[in-house]
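Okay, so here's the structure we're looking at.
Worth knowing before you read on, the calculation uses all heavy atoms, side chains too, and leaves out hydrogens, waters and symmetry mates.
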Amino acid sequence: MSDVVVQSERAEEVDVGQRAQRVAKAISIELRRAARKARVVTPVVAGGSGFQARRIDKIFRNLVLYSFFVIFVGPSVLSGAYLSFFAADQFVSEARFAIRSGDSSPLESLAGLSSMIDTGAARDGLIVADYVESSAMIDVLSKDYDLRAIFGPGTWDLWAELDPKGSAEDLLDYWKSQVSISVDRVSGLVTLKLRTFSPDDSRSLITAIIDHSEEMVNKLTRRNESDSLMQAQQELERSKRGLELAVSALRDARSKLGILDVSVAAKVYGDVLSELRLEQTKVEQQILALRNTNSQRAPQLVQFRARSRAIQDQIAYYQGLMAGGDGAVVEKTLAENAKLLSQNEMDQKIAQSEYTLAMTAFERARIAAERQRSYLQTYISPTKAEESLYPRRLLTWIVISVAALIGWAAFFGMAILVRDNTAT
């Protein structure tokens with residue numbers, strides 16, 4: 001009996017040991033299976049390596065998928081559609097020029113492009129660049145061109161066109177975006193580019209810009225000449241008034257004295273005196289002849305003596321007119337009148353000389369003011385564009401797509417960091 005019990009207990013112990021071995025083996029198998037499953041790489045979008053996917057992991061996967069379409073696919077598709085079907089062609093016209101002074105010699109003008117240091121030209125180039133991008137240029141061009149119609153032709157490209165109802169500030173901002181000007185600060189060479197929706201408009205506008213810029217530069221350089229011309233004109237008017245006064249004074253003096261020319265009057269008086277002296281000599285000879293014939297009481301002698309006294313009185317009168325003397329009865333002699341007239345004639349000559357010098361200075365100032373002082377030497381003339389350079393569709397689409405992809409990648413990285421920190 002006891003043996004049977006012992007055997008039964010031993011059999012039970014064997015069964016328990018076998019069951020324990022089977023459980024241990026099953027646990028070992030499950031642990032190895034879990035370990036293999038843990039070592040398998042799980043996609044990031046799955047939310048980690050867990051035995052059971054959580055609800056937050058599904059939300060994360062949907063967020064990543066939606067953000068990919070919103071941030072990357074959407075902008076890429078929309079930009080591609082816009083660039084393919086709506087973006088209007090824009091044509092670029094280019095010109096390059098240098099600013100040179102009109103006072104330089106021909107050799108300096110030919111060597112202008114080889115001179116690599118020209119601070120004056122660089123300064124003028126910067127002034128031109130600022131003028132081209134200012135509202136003053138828009139005002140000047142608006143006199144001949146309808147800029148709002150040129151930059152708003154009515155295409156479907158509302159992004160690139162100018163709003164016809166925009167303000168003056170909007171037009172200025174748009175103008176700065178369409179015109180491009182750069183200045184080499186060493187050589188002073190200027191590069192000007194303009195883009196519009198028509199090749200003809202681009203060429204005509206850039207030609208007008210060059211012409212108006214040249215006028216502006218000449219106005220700046222002519223300021224000194226204008227001041228000189230004004231001063232020369234004032235001096236000319238002053239000398240003209242002085243000459244008129246001198247001429248009037250000489251005319252009045254001649255009218256008062258009754259003498260037009262002192263030298264002519266002196267010659268006339270001299271001729272009269274010569275004739276009177278010659279006549280006096282003849283009368284004296286006749287008187288002497290009558291005395292020699294003892295005709296003291298002849299009536300001719302009395303007549304000749306009276307005539308001789310009359311001639312002497314005339315000689316004395318004319319001598320008094322010319323030089324004065326003890327027996328002069330005139331108020332002013334010819335010598336005194338000559339002194340007065342010579343003074344007036346000298347004043348007139350001085351006034352006339354001043355007027356001549358003022359006239360010469362005025363003509364020089366006028367010629368200098370009218371002469372073109374500066375030139376915009378265009379060494380690359382604006383031409384009519386045959387192909388549109390803008391918009392650069394492929395390049396623009398690639399840039400937008402790459403930027404969108406980088407943006408989505410940055411968003412995705414931030415989302416992972418937020419998820420991991422939240423899970424921790």
Side-chain angles (χ1 to χ4, degrees), residues 99-109 120-121 123-124 127-128 131 136 139-140 143-144 211-272 318 320-324 328 330-377:
I99 303 174
R100 293 293 178 261
S101 174
D103 295 333
S104 60
S105 64
L107 292 179
E108 293 175 347
S109 179
R123 181 189 63 249
D124 295 339
I127 293 175
V128 170
Y131 176 68
D139 296 337
V140 172
K143 297 179 180 178
D144 301 322
D211 294 339
H212 292 303
S213 299
E214 190 174 39
E215 292 178 1
M216 185 274 299
V217 172
N218 278 279
K219 286 181 180 179
L220 293 179
T221 55
R222 285 175 181 170
R223 182 165 298 175
N224 294 331
E225 285 77 7
S226 299
D227 295 339
S228 300
L229 179 61
M230 184 179 299
Q231 294 176 0
Q233 187 174 4
Q234 294 175 354
E235 183 64 22
L236 178 62
E237 293 176 354
R238 186 194 64 80
S239 60
K240 183 179 179 181
R241 290 193 297 268
L243 179 58
E244 291 175 351
L245 292 176
V247 171
S248 299
L250 180 60
R251 182 183 66 250
D252 295 341
R254 285 173 175 173
S255 299
K256 182 179 180 180
L257 299 176
I259 300 174
L260 294 178
D261 193 345
V262 175
S263 60
V264 175
K267 184 178 183 302
V268 172
Y269 290 163
D271 294 341
V272 172
Y318 282 105
L321 285 178
M322 293 185 67
V330 296
E331 295 181 358
K332 289 186 179 181
T333 63
L334 184 62
E336 294 174 347
N337 293 334
K339 181 179 179 181
L340 180 60
L341 292 177
S342 63
Q343 183 64 38
N344 291 331
E345 290 176 353
M346 182 63 68
D347 293 340
Q348 179 181 348
K349 289 181 179 179
I350 293 175
Q352 188 172 2
S353 177
E354 291 179 353
Y355 179 76
T356 302
L357 294 177
M359 177 63 73
T360 303
F362 174 76
E363 287 298 323
R364 290 178 179 175
R366 182 185 63 81
I367 294 173
E370 293 178 356
R371 185 176 65 244
Q372 189 169 353
R373 304 288 294 178
S374 299
Y375 299 85
L376 266 63
Q377 296 180 345

Quiz item: How long is the span from the CG atom in Asn218 to the CD atom in Glu214, to the nearest 0.5 Å?
Solution: 6.0 Å

Self-check item: side-chain contact (heavy atoms from CB on, under 4.5 Å) evaluation trace for Val217 with Ile127
Solution: CA-CA 8 Å; Val217 172; Ile127 293 175; 5.8 Å; no

Quiz item: How close do Ala136 and Tyr131 get, heavy atom to heavy atom, and via which atoms?
Solution: CB-CE1, 3.8 Å

Quiz item: What distance separates Leu245 CG from Gln348 CD, expressed to the nearest 0.5 Å?
Solution: 11.5 Å

Quiz prompt | Closest approach of Ala246 to Ala351 (non-hydrogen atoms, all atoms of both residues) | solution = CB-CB, 4.0 Å

Quiz item: Are the side chain of Thr356 and the backbone of Gln352 linked by a donor-acceptor contact shorter than 3.5 Å?
Solution: yes

Practice problem: Give, for atom CD of Glu244 and atom OH of Tyr355, the distance between the pair rounded to the nearest 0.5 Å. | Solution: 8.5 Å

Quiz item: Any ion pair linking Arg366 and Glu363 (charged N to carboxylate O, less than 4.0 Å)?
Solution: yes

Quiz item: Which value, rounded to the nearest 0.5 Å, describes the distance between Gln233 atom CD and Phe362 atom CZ?
Solution: 5.0 Å

Practice problem: State which residues pass salt bridge (Lys or Arg N to Asp or Glu O under 4.0 Å) with Arg238; sequence neighbours excluded, sorted by chain then number. | Solution: Glu235

Self-check item: side-chain contact (heavy atoms from CB on, under 4.5 Å) between Leu243 and Glu354, worked out
Solution: CA-CA 8 Å; Leu243 179 58; Glu354 291 179 353; over 6 Å; no

Self-check item: Ile99 versus Leu376, closest heavy-atom pair with distance
Solution: CG1-CD1, 4.1 Å

